[in-house]
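Scope of the values below: all heavy atoms of this structure, side chains included, with no hydrogens, waters or symmetry mates.
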Amino acid sequence: MAAAITSREQDYSQWYNDLILKGGLADYSAVRGCMVIKPYGFALWENMRDQLDRMFKETGHVNAYFPLFIPKSFLSKEAAHVEGFAKECAVVTHYRLKNDPNGGGVVVDPEAKLEEELIVRPTSETIIWNTYKDWIQSYRDLPILVNQWANVVRWEMRTRLFLRTAEFLWQEGHTAHATAQEAVEETRKMLDVYAQFAEEWMAVPVIKGVKTANERFAGAEDTYCIEALMQDGKALQAGTSHFLGQNFAKAFDVKFSNKENELEYVWATSWGVSTRLIGGLVMAHSDDQGLILPPKIAPLQVVIVPIHKGEEQLNAITEKVNVLMSELKALGVRVKYDNSDNARPGWKFAEHELKGVPVRIAIGGRDLENGTAEVARRDEKTKATLSMDGLAQHIHQLLSDIQQNMFNKAKAYRDSHITKVDTWEEFVEALETKGGFVSAHWDGTAETEEEIKTKTKATIRCIPLNNEQEEGKCVLTGKPSKERVLFALAY
RNA sequence: CGGGAGGUAGUUCAGCCCGGUAGAAUACCUGGUUUGGGACCAGGGGGUCGCAGGUUCGAAUCCUGUCCUCCCGACCA
């Protein structure tokens, strides 16, 4: 299979699709807007999920599971929330099919209409807060620190593999607290967890910030986010953490008795990351040869390819490889010996590059004589011939170097694509020619934000946390501003 | 949801305008030779032409509907 990948320069969108499809991460399905996550893609997701899950547990959270279906009436209890999601909800209206009396398969049984329609969850705040009402009486029941791993459905008009699909996998944390301060601390803590995960595990640098009112989650008081930058200069919201105030407690009447035996509404947070992270991972690192996966979450970290003349030599190579494999496995390295006979070495090299395996080791006749192996790293596409002595330890270190190098490269790109501008002309030029984040003063009004979006398609990605306070003038209106915000075109 | 393009072998595509036994490359299977960057020879298997109707003696080809995908736009944690 000659898997020619469209170059980034030629067509960035097609390049992305090619990587996902030909890299074996996912396929389109027979259902509009829904994808099949293939084993290789799912293995990647499992590695991400498992690490996130460990981090949630370390910060005191426990997992639970709530229903896929939400009674329609629940969704309308919080006004902003319903407005935010109403336009993209799948609705279950019937519970039975029957044979078509006119032939031609099955039809919906009109007699099996539900009394109250069920909504396929677009997010679970409502069903969870309806449940928390029963769980919470006293301050002694708080905090509740629950996470759930689930699928959700948002009926998107235009979908893209991993980045925006009608159904996607995610985790959603939903916590309940006695005080606003504690809930805000939780919101910020989970934002830090996301940032740490993105940077240390995905090797994707992110900017932590807070969303403007326009970009805020429907039903939240404050939405915090991590924003990443893709290689085409567009930003990607990689994770969000919301301080929900008492909005859902009030909507679902969730009160607790404090130490003074007074009834108070509970304070809430919610936070989530999804399979969208995979899209971001792909677009942050990969090149025209294929995927480049960071070692910490790559399904396969090392692949070993034998290059042999005759079966006898193959056996000799295999003997060496078996020793190396067990040494690598002892160091916790995910390694595969690709000794299949249906492809020659060159084909295998290209295939593993396409799939983004961080390290490739080739061992041939010359290596047998010299006691060496050829080690190729995917991130820099360099090769080196190294001694077999101490090779496993070297590879172990190399994986760590690759992880760091990938982060450094992505960070250098990101940092060089944050442009400070002070005039409208500079603002427009930076967006059009360079892309990336544009750091500019903004007068703080939703109207100005909207107008800038209409004129340039750029949105305010976030107001960075710990933002430098600086007097300036709004790049559009010239009105006074106290700090810069980050604009960008976004996914 | 609007505009444009597309759906034929596992994959990439030709055939369609002008209706008449469904093709190529590659992948796959068998045997052999090979193996340091996508091998070669010989033989072989594989497609209700997205799906459903219609026109016709006859439809991959013409007509209608419908589903899925891509690109652009509107929308959008």
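- Pair assignment for B:rG19: none, as no Watson-Crick or G-U wobble contacts are both less than 3.5 Å.
- Base pairing of B:rG47: no nucleotide in any strand meets the Watson-Crick or G-U wobble criterion (both distances under 3.5 Å).
- Residue order along RNA chain B, read from the 5' end via each residue's closest nucleotide, puts A:N342 first among A:N342 and A:F349.
- Here the separation of B:rA77 from B:rG3, taken at their C1' atoms, is 28 Å to the nearest Å.
- Counting any heavy atom pair closer than 4.0 Å across all strands shown, A:E353 reaches a base atom.
- B:rA42 is paired with B:rU30 under the Watson-Crick or G-U wobble criterion, all donor-acceptor distances under 3.5 Å.
- Atom CD1 of A:I363 is separated from atom C1' of B:rU35 by 15 Å (rounded to the nearest Å).
- Taking atom C1' in both B:rG38 and B:rU11, the straight-line distance is 15 Å, to the nearest Å.
- Note: A:W201 and A:F197 have parallel aromatic rings, judged against thresholds of 30 and 60 degrees for the angle between ring planes.
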Query - Under 4.0 Å protein heavy-atom contacts per nucleotide of nucleotides 67-77 of chain B, with B for base, S for backbone only and - for none - result: -SSSSBBB-BB

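- When the options A:T445, A:I460, A:V485, A:T223 are evaluated for a side-chain contact (heavy atoms from CB on, under 4.5 Å) with A:T212, the one that passes is A:I460.
- With sequence neighbours excluded, no residue satisfies ring-ring contact (aromatic ring centres under 6.0 Å, His included) with A:H177.
- Whole-Å rounding puts the A:Q313 CD to B:rG36 C1' distance at 10 Å.
- Distance, A:R366 CZ to B:rG37 C1': 13 Å, rounded to whole Å.
- Note: A:W271 and A:Y194 have perpendicular aromatic rings, judged against thresholds of 30 and 60 degrees for the angle between ring planes.
- Here the separation of B:rC57 from B:rA27, taken at their P atoms, is 46 Å to the nearest Å.
- Taking atom C1' in both B:rA59 and B:rA42, the straight-line distance is 38 Å, to the nearest Å.
- Both distances falling under 3.5 Å, in either a Watson-Crick or a G-U wobble arrangement, place B:rG53 opposite B:rC63.
- Taking the P atoms as reference points, B:rA24 lies 13 Å from B:rG44, given to the whole Å.
- Ring centroids of A:F248 and A:H81 are separated by less than 6.0 Å, placing the two rings close together.
- One finds a side-chain N or O of A:R344 lying less than 4.0 angstrom from the OP1 or OP2 phosphate oxygen of B:rA39.
- B:rU55 and B:rC13 have their P atoms separated by 34 Å, with the value rounded to a whole Å.
- For the pair A:I361 CD1 and B:rG37 C1', the interatomic distance rounds to 17 Å; values are reported in whole Å.
- Across all strands shown, B:rG36 remains unpaired; no Watson-Crick or G-U wobble contact has both distances below 3.5 Å.
- Within a 6.0 Å radius of CD in A:E185, other residues, nucleotides and ligands contribute more than 12 heavy atoms.
- Atom CH2 of A:W347 is separated from atom C1' of B:rU26 by 12 Å (rounded to the nearest Å).
- Within the nucleic acid shown, A:R360 comes within 4.0 Å of at least one base atom, counting heavy atoms only.
- Taking for each of A:K348 and A:I307 the nucleotide of RNA chain B with the nearest heavy atom, the 5'-most of the two is the partner of A:I307.
- Pairing for B:rG73 goes to B:rC1, judged as Watson-Crick or G-U wobble with the two contacts each under 3.5 Å.
- Of the charged side-chain nitrogens involved, none lies within less than 4.0 Å of a carboxylate oxygen, so that A:D287 and A:R8 do not count as a salt-bridged pair.
- Rounded to whole Å, the separation between the P atoms of B:rC16 and B:rC63 comes to 15 Å.
- Counting distance only, with no hydrogens placed and no angle test, the side-chain atoms of A:K383 and the base atoms of B:rG37 include a donor-acceptor pair under 3.5 Å.
- Atom P of nucleotide B:rG38 and atom CD of A:Q289 are separated by 14 Å, given to the nearest angstrom.
- Contact check on A:K250 versus A:E78 returns no salt bridge, with no Lys/Arg side-chain nitrogen under 4.0 Å from an Asp/Glu carboxylate oxygen.
- Atom CD in A:E311 sits roughly 12 Å away from atom P in B:rG32 (whole-Å rounding).
- Taking atom P on both B:rU61 and B:rG50, the two are 8 Å apart, rounded to the nearest angstrom.
- Distance, A:L314 CG to B:rG36 P: 14 Å, rounded to whole Å.
- In this entry B:rA25 has B:rU11 as its Watson-Crick or G-U wobble partner, both defining distances falling under 3.5 Å.
- For B:rG6, the paired nucleotide is B:rC68, the pair qualifying as Watson-Crick or G-U wobble because both relevant distances are below 3.5 Å.
- Taking the six-membered ring for Trp, A:F487 and A:F427 have ring centres closer than 6.0 Å.
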